[in-house]
Structure formats: C-alpha cells, structure tokens
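Here's the structure, in structure tokens; my notes come after.
All values below come from the heavy atoms of this structure, side chains included, with hydrogens, waters and symmetry mates left out. Naming: A, B, ... by sequence-line order, numbering from 1 per chain.
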There are 2 protein chains.
Amino acid sequence: MTIKQSITLADVATKAGVSKMTASRALRGTGDVSKANVELVRRAARDLGYVGNHLATSLSSQRSVLVGVVVPSLTNIVFAEVLSGIANALEGSGKQAVFGVSDYDPDTEYDVIRNMLSWRPAGLIVTGLEQSADTLKLLRNAEVPVVQIMDLDGDAVDACVGISHAEAGHTMASALLAEGRKRIAYIGCGLERDTRAAKRFRGFKNALIDEGIGLAGERIETGPSTIAVGRALTAQLLADQPDLDCIYYSNDDLAAGGLFHCLSANIDVPGTLRLAGFNGLDLVDSLPKGVATTRTPRREIGIAAARIILDVENGANPPRRVAYTPEIHMP
Amino acid sequence: MTIKQSITLADVATKAGVSKMTASRALRGTGDVSKANVELVRRAARDLGYVGNHLATSLSSQRSVLVGVVVPSLTNIVFAEVLSGIANALEGSGKQAVFGVSDYDPDTEYDVIRNMLSWRPAGLIVTGLEQSADTLKLLRNAEVPVVQIMDLDGDAVDACVGISHAEAGHTMASALLAEGRKRIAYIGCGLERDTRAAKRFRGFKNALIDEGIGLAGERIETGPSTIAVGRALTAQLLADQPDLDCIYYSNDDLAAGGLFHCLSANIDVPGTLRLAGFNGLDLVDSLPKGVATTRTPRREIGIAAARIILDVENGANPPRRVAYTPEIHMP
DNA sequence: ATGAAAGCGCTAACAC
DNA sequence: GTGTTAGCGCTTTCAT
C-alpha cells in the first residue's frame, strides 16, 4: 500500500513560516524556540491535521519507542493480564508495546521475535525460558535488553521475572498433604508445549514421591485446557478411580470443569474430593464451591518486566532476576 | 557475549562482495540476481546474523506492513478472540497487527489511534462506531482504510463488520417471551462506556414494552462486568424481587455469576428462573445448568475486518458493511 | 544482472 | 533562537 504522506513536517514548517528544525523543536518541546513560533507551528500542525511519522523519527534519532512482547497465546486470560500490566507500566514513558503471538510453536516464536527485532525495539519481553537454539542465538545477538517472563526455573538470556513453577507444584502438593489427602491424582493438558505446566507437574509429583505417597492416578492429554475438557477428563478419571480424594489440575480452567462435573455427579467438594488448579483466576473465586488454586501475580510480572526495559534505557542497573512467591488459596 | 554493532545491509553486501542493491534484491527475491550471488548474499546474511530494519524499509519503500488495531480492553476474552482472528487472517500476507488498548476511554482512544497513525499503518481496525468528534476527524483524514468492528448500529467512517446489538437485545427478548417468561429483569454493568451493551439493553427493553410486558426490574451499575459482580447483583435483585422468572444480563460473565448465586441459593435454573447472557463464551457451555446466551462470531469478525484491509491493499473492492446474525443458544 | 545516485521524513550536530 | 548540513538504512529509479 502506498502511503499518501500528505502532510509532512516540511508542510507544517512552510505554513508556519519557519524551518523544518524549528517546527520539529516546537512540536517536541525540545531546545529553545520562541513562544511566538511555538504557537505558529502548533497552529499550523493542527490546521493541517499533521500526524508525525514514527518511522522517520525512529530511524533518524536511532532510538526506539517500541517494546516487543511475545506471548504464546492471546486467548488465555493469563497472558492478556500480563500484557495489560506491561501496557500500564509503559504508559507515560513514551514507549509502546507491540505484541506477537507464538501459538506455543518454537518456529513461529522464532519468526515473531525476528520480526520484532526488525523494528529495532528498545527491549524484548518473551514468555518462558525455553526457546529453540536459533531463537536463543537471535536473542543473545540482539543488542536490546531481553526479559523472559513467567518462569524462573532455568537460565535467562538477560533477565527474568516470574515464579518457580517447580516450587509451585511442590508447594501445592504439601498443602494438599497437610489437608490430609491421600489418594491424589493429576489431570493436565498441553504439557508438551506448556513447559511451565510440565514443571509444576514434575514438582508436584516429586513432592508426593518424597512423602512416600506417589501419584494415585493421572490423565494427561495433548491439546488445549478448557473448562469442557476438564469436565470430561474428570468424569473419565473418576469412572476409573472413584476412590480418589484429590485431583490436581494443570490450571484453573480444567479445575473449574472438574467442579462442574462434581456438581452434576453430586460429589461433595471439597469434602469427599478436593480439587486444585493453578493461576488464581477470577472464575475460581466465584465458583459455588471452593477449588484450591495458586494465585500468580500476572499484572505484577508484566509491570516488573516493563520496568526492567525502562531502567536499562535510563542507564539504571535493574535486577536480573525478579522472583515472586505465589500464594496458595484453599477455600 | 560480545555486544555486536548493528549489522546493516551494507555489511552484508560488503561481506558478499556485491553492492547494497544486489544484496537487497537477493534477500527479497525481487529482480534478477544470479544464483551465485543470491547464495553468497544469503550466506553472508546468515553468518552475520543480519536482521533487516523495518523502519528503514517502510520509510524508503513508502509501504507499510502494519495494521493498527484498537480495542477497549485486552483482559476481556471477547476482544482477545477478535485479535486472534485478525492475527490469523493477516498471517502470510506480510502484514502485522499492532494492538492498542483504549480502556474504554475516548481520550485514550484518540491518543492511541493518533499514535498508530504515526506508524503509517496499511489500515486501521477500531472497535465500535462511537468515537469522539476529534477521533472521527482523525480517522476521516487518515488516508488509510478504517474498519469499525463489533457494531453495525450507526454510521461507519469507511467500513464496518459486526452485529446489530439493538437487534440482538430484541431477539433475546422475543425468545424469552416465547419461552413463557413474564417477570423479566435486567442486570448490567458499565453501560456508560460499553455502548454496545447499552444498545442491547435498549433493544431488549423496547421489545418488552412493545409486547406490553415491560421490564419487571433492573440493576445497573458502573464498573466492570465480572462473575463476582454478577453474583452479588443477582443476590441483591432477587432479595428485592424474589418473584422474577427471568434475568437478562449485559454479558455472560454476569450471567455466570448469577447462576452461581442460584446454585448456592437453591434456585432452580432454568425452571424457576431463566438466566440469559450475551457472547456465547466457552464458560457458558460448560456451566452445570443452562444459561441462555447469544453467540457472537468474534473470530469471524476479526478475520473479515482484516480481509477488508488486505482487499483494499490489493485494489479489490471489499464490502463496506459485513453483517453477522448472532444465534441464540437456549439450553 | 548489477550498480550509482537520489531520496523516504525526520533529527543530531553544528553553525550563525 | 534559528537554520544548515548530513545522515539514519533501506529501496526506487535509472543507468550500464
């Protein structure tokens, strides 16, 4: 598409009767420009409907106003909240977030990150610590700060902000054991691509094994985690093993589905059967019967990540690792 | 890791022993370049870890690869799904979506749109037909195609894709009346900023009035629509008017909250009390008892909007109005 | 098939 | 205070 660059800074300058530089300075409020000229330029810009060209500005000034953000999914409320936190933290800084979605696919992730880099962003925020070798090389060679979010279990390219999922799984196992649960099963989806969910599962399982109890059963599927899937898998699992007293799910959506099954099947939750999810979604707080969960500080993670980028920009020396300790909620 | 100097096309060309132009052509696959040189340039680019500069490319070629998208909220799954549709439709076209969030605030919306325009996008997709006068002026003066999504009830700047919310409200009213409901109330949140929800409410109310029944009660609050709020408002409304046989909500989240209240309060749904929401979220399909809803084609709207931008780009003559008819789901 | 020159719109770095 | 000059990295255009 050809851009009809109708009005440029030169047009504004001409109309105001000054040079391009004076117009530029007046519009940006930098340097010394006489009040009279500032007024003239502003009026000319407004009258002409002038909209600056960020492409030219960025190229010329060699400084970027973009912060690239790569998340695996947009239709997962968790990432939407992270983005929201990032957008908020960036507000007023003059920086703007650009989002890319990897669809949990390493090749797509590589393409998306490469594409972001070609916009010469001031920084990059990417989800997780597991990237392909090619992607890692790209990130290491990029001369921009890279913040990896959501996870702490592994090595960061530059900096990371998040929680330990292995620990989260372990902590939930302890809490369930402390509640007296003995026959504990696991239901998870998409572990092959959601490495953080897989880490939670491992931490959870190991904690049980350490206590000499072990996992009483499991149902692991590929594909997305939805309420409907959680409901179906719970029904299946309980058909096989009706004597379970606890199910840990890879996330809250599955757990909510599990609860809906129990409501229909008249199973007492949490009395007979304790359900536990992960994320601490609003949904869980409103469910008619308590489902345990681990609350994760999504907005805070987004904000902290954005701050790191801004700090680097300002020459500050931000932390290379920001660890949050998620809180267990067990109603 | 050594911090590398930014590698430009000139570096690649030098390393490959050709001119910048040959390198440029080889990398883009345009014009005639000898096989040998293509290979040399590709190898040089890969060895150097060259990442092109979109800022320079766009500025120089006067063509944009960006499509600006403005939504009121990111933490609302509905808009996340629209974005997802847009991103999908743009895949393989060489275009990339850039998102902006208005937070339902007209001034923020103006700023966001202005900011998007300064990136010289190939097109703009904005939510809704109601913008401030300043914003409309900006959109009309912008020489890019503008697609307004989600709503059809009003005048579009260029083109619009969505559903009629007035009609959706009307249709739901008819369906509830057809089911034999007589004492029908309404619960809504954030109507002051969500003009589409307000249009549904008006359509709904008018339909009831036309039938000589009228609204038996209403509870309208400012602020966000959450499951928790829906639960609380339903409890309040039913405390005042226990004889209602139907509640229409401004959306599914509120309706789900209403159902959770009813489950706790042992109210038979949908027998004694029919609940109805709007959007057709996955949540509703999985709820233990049926909640009526209007399914909206979010992804389709996103896809259609993106297609319009692409069509304009290709010189085609896309429709100026794409209307979807939402389907009522009444379990 | 390849290259040199001329910008795209803007701003940093100097003049004056 | 204001203007001039010289790019930013790339692609267009027009040579060869």
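Heavy-atom distances to DNA chain C give each of Arg25(A) and Ala10(A) a nearest nucleotide, and the one nearer the 5′ end belongs to Ala10(A). Positionally, the nearest nucleotide of DNA chain C for Lys35(B) lies more toward the 5' end than for the other of Arg28(A) and Lys35(B). Nucleotides of DNA chain D nearest to Lys20(B) and Met21(A) differ in position, and the one nearer the 5' end is that of Met21(A).
Backbone-only contact: Asn53(B) has heavy atoms under 4.0 Å from sugar-phosphate atoms and none from a base. Nucleic acid contact for Arg63(A): sugar-phosphate only, since backbone atoms but no base atoms lie under 4.0 Å from a heavy atom of the residue.
Between the NE2 atom of His54(A) and the C1' atom of dC10(C) there is a distance of 12 Å, given to the nearest Å.
Residue Asn37(B) places at least one side-chain N or O closer than 4.0 Å to OP1 or OP2 of dT2(C). Neither OP1 nor OP2 of dG9(C) sits under 4.0 Å from any side-chain N or O of Tyr50(A). Applying the 4.0 Å criterion to OP1 and OP2 of dG3(D), one finds that Thr22(A) has a side-chain N or O inside that range. Put simply, Ser24(B) has no side-chain N or O that comes within less than 4.0 Å of OP1 or OP2 on dC10(D).
Here dG9(D) is the nucleotide among dT2(D), dC10(C), dG9(D) with the atom lying nearest to any side-chain atom of Thr8(B). Ranking dG1(D), dT13(D), dC10(C) by closeness to the Ala56(A) side chain, first place goes to dC10(C).
Using a 30° and 60° split on the angle between ring planes, Trp119(A) and Trp119(B) fall in the perpendicular class, above 60°.
A salt bridge links Glu313(B) to Lys95(B): one of the charged nitrogens lies within less than 4.0 Å of a carboxylate oxygen. In summary, Arg43(B) and Glu39(B) engage in a salt bridge, as defined by a charged side-chain N under 4.0 Å from a carboxylate O.
A donor atom on one side chain and an acceptor atom on the other are not found under 3.5 Å apart for Asn76(A) and Ser73(A).
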